[in-house]
There are 2 protein chains.
Amino acid sequence: MPARIDPGQRRRHVVGAAFRLVVAEGIDGLSLRKVAAEAGLNVGSVRHYFDGHEDLLAAAAEEAGDRMGRRLARHPVDGLRGLTGAAALDALQALVEEVLPVDTERREEAIVVLELILAARTRPVFRPISARMAADLGRVVADALAALGVRDPEGAAAQVTALIGGLTIDTVTPHGSLGVDRLRATLRAHLSMLLAHHGDR
Amino acid sequence: MPARIDPGQRRRHVVGAAFRLVVAEGIDGLSLRKVAAEAGLNVGSVRHYFDGHEDLLAAAAEEAGDRMGRRLARHPVDGLRGLTGAAALDALQALVEEVLPVDTERREEAIVVLELILAARTRPVFRPISARMAADLGRVVADALAALGVRDPEGAAAQVTALIGGLTIDTVTPHGSLGVDRLRATLRAHLSMLLAHHGDR
DNA sequence: GCCTATTTATCACACCCGTGATAAAGTCCG
DNA sequence: CGGACTTTATCACGGGTGTGATAAATAGGC
């Protein structure tokens, strides 16, 4: 009972196609036929690896969450402990920028995650993963702020995560719009204020 | 050439139905048939007042923008000039809360506006109104901050508008989630920090 | 070389959608 | 009353969608 190709690789290929399609047309622009076309495959082939429409969406959502999780994991909290001044600010900014649309790769992830979170409002299927991602991000930010000696890390993290969401919207949608440089500057101004104001424990 | 009912009222009635539907099912859950059912009307009747699908969406979007514009217009900038300390903070918070989902009415508006802005990313039809709303809000916030003597009002406004977007997401979607009290507290903490840090011109 | 299981490729079905065209009902003016 | 116009109510068409079932092709293991 063979397999001439690696099923995992195939799945990742299809998920990648779904990614590109969500970025291009939004989460509702997705369809099995479009995904199949984008992946250069047949509808039946796609359906062989994913039981149906919902499964495919869920897999794409999982993938987005995993990518961001991996990004955040590259910044261990212990590396921040004891930092002060500009070094603390730089480290914190670098951490937060991992989930912001500062380049093409992160921009695509941000778009997919944003569409996912918004879709979770009306489609309960996405609720658990959406909640998990938000909780993970909040935890990472709060831990980082705590490691930097910020007072009330939970409250400050609430501000930062809200800012992340808003900056993502402003950058990702064409309603202004925020360039990457202004995005970075706005984030930096906020983090700087946060460290200066609540910096002393 | 009569009309036994007021066309404007009918239009508003239909737009209201579209509003409720967007809130309940998202902007893609909308359809002429559903709107007609929600409004207690017939598909043909709806299509008599709105040329088609896009017209209806655009009208709903306009309505959302107008409502928020009217809200913001209730807080003239001159009322803020010269305020300091807690009074300045209270006034600024009241202004910003007009566009945040702190009650059912504003929550519905926030949802519709959010869905609209996100949809504008892939559907150019919504771009102009989306851009206009974002610009209006940015202007109002920047003017208010300037009137309160905040240094670099544009930069500070960028932070506040980003925070507004993020807080809206966090409150409106079930991915946490932020209650109204925590929403208010997070906003207040940020505004307070902003006034304290950049308060002196 | 054959057999078995995986993978691919196509059907057809039912559903919902937007839209155009058209008929029916209702309401005011003269 | 009669005619003109607005409003309402249906119809059918073409297109796209998810899904189930099924046939064809492919690639090892024996």
Side-chain angles (χ1 to χ4, degrees), chain A residues 1-62 115-116 119-120 122-126, chain B residues 1-61 115-116 119 122-126:
Chain A
M1 54 294 213
R4 76 165 180 285
I5 59 110
D6 180 26
Q9 182 178 334
R10 259 280 195 269
R11 279 182 63 99
R12 262 177 283 124
H13 179 66
V14 174
V15 168
F19 247 74
R20 291 191 294 277
L21 225 37
V22 170
V23 171
E25 307 190 15
I27 213 172
D28 287 287
L30 213 66
S31 76
L32 290 179
R33 288 168 174 85
K34 286 182 185 173
V35 170
E38 173 72 24
L41 295 177
N42 188 285
V43 182
S45 307
V46 174
R47 289 224 309 149
H48 178 71
Y49 293 97
F50 300 92
D51 285 358
H53 186 225
E54 253 183 14
D55 263 32
L56 180 53
L57 264 321
E62 288 281 352
E115 295 263 352
L116 161 71
T122 54
R123 262 166 295 190
V125 198
F126 298 140
Chain B
M1 54 292 214
R4 78 164 180 286
I5 60 111
D6 180 29
Q9 182 179 336
R10 257 281 193 268
R11 278 182 65 99
R12 264 177 282 125
H13 179 65
V14 174
V15 168
F19 247 73
R20 292 191 293 277
L21 225 36
V22 170
V23 171
E25 307 190 17
I27 213 171
D28 287 287
L30 213 65
S31 76
L32 290 180
R33 288 169 173 84
K34 285 182 185 174
V35 171
E38 173 72 24
L41 295 176
N42 187 283
V43 182
S45 307
V46 174
R47 288 223 310 149
H48 177 71
Y49 293 97
F50 300 92
D51 284 0
H53 185 225
E54 252 184 14
D55 264 33
L56 181 53
L57 264 322
E115 295 264 351
L116 161 70
T122 54
R123 260 166 298 190
V125 200
F126 298 140

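These figures come from a predicted structure and were not determined experimentally. A, B, ... follow the sequence lines: proteins, then strands. Residue 1 opens every chain.
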To the nearest angstrom, the CG-C1' distance between A:Asp55 and D:dG18 comes to 13 Å
Practice problem: Examine distances only and state if a side-chain atom of A:His53 and a backbone atom of A:Leu32 form a donor-acceptor pair shorter than 3.5 Å. | Solution: no
Winner on side-chain proximity to B:His53, out of C:dT19, D:dT8, C:dT8, is C:dT19
Whole-Å distance, B:His48 NE2 to C:dG26 P, equals 16 Å
When you measure from the side chain of A:Lys34 to the backbone N and O of A:Gly29, does any donor-acceptor pair fall under 3.5 Å? yes
Sorted by chain and number, sequence neighbours left out, side chain to side chain contact (heavy atoms under 4.5 Å, CB included) with A:Arg123 holds for A:Ile27, A:Asp28, A:Ala119, A:Phe126
Between NE2 of A:His13 and C1' of C:dT7 the distance, given in whole Å, is 15 Å
Between CZ of B:Arg10 and P of C:dT27 the distance, given in whole Å, is 12 Å
Worksheet item: Quick one: does B:Val23's side chain get under 4.5 Å of B:Glu115's, heavy atoms only?
Response: no
note: B:Gln9, atom CD; D:dT7, atom P; distance rounded to Å ~ 13 Å
With a 4.0 Å limit, can you tell me whether B:Tyr49 has a side-chain N or O closer than that to the phosphate oxygens OP1/OP2 of D:dT6? no
In whole angstroms, the gap separating C1' of D:dA21 from CG of A:Asp51 amounts to 15 Å
Check: Got A:Glu25 and A:Leu30 here, is their nearest side-chain heavy-atom distance under 4.5 Å?
Finding: no
In numerical order, the residues of residues 16-47 of chain B whose heavy atoms come under 4.0 Å of DNA chain D are B:Asn42, B:Gly44, B:Ser45
Margin query: Tell me if a side-chain donor or acceptor on A:Arg11 pairs with a main-chain N or O of A:Tyr49 at a distance below 3.5 Å.
Written below: yes
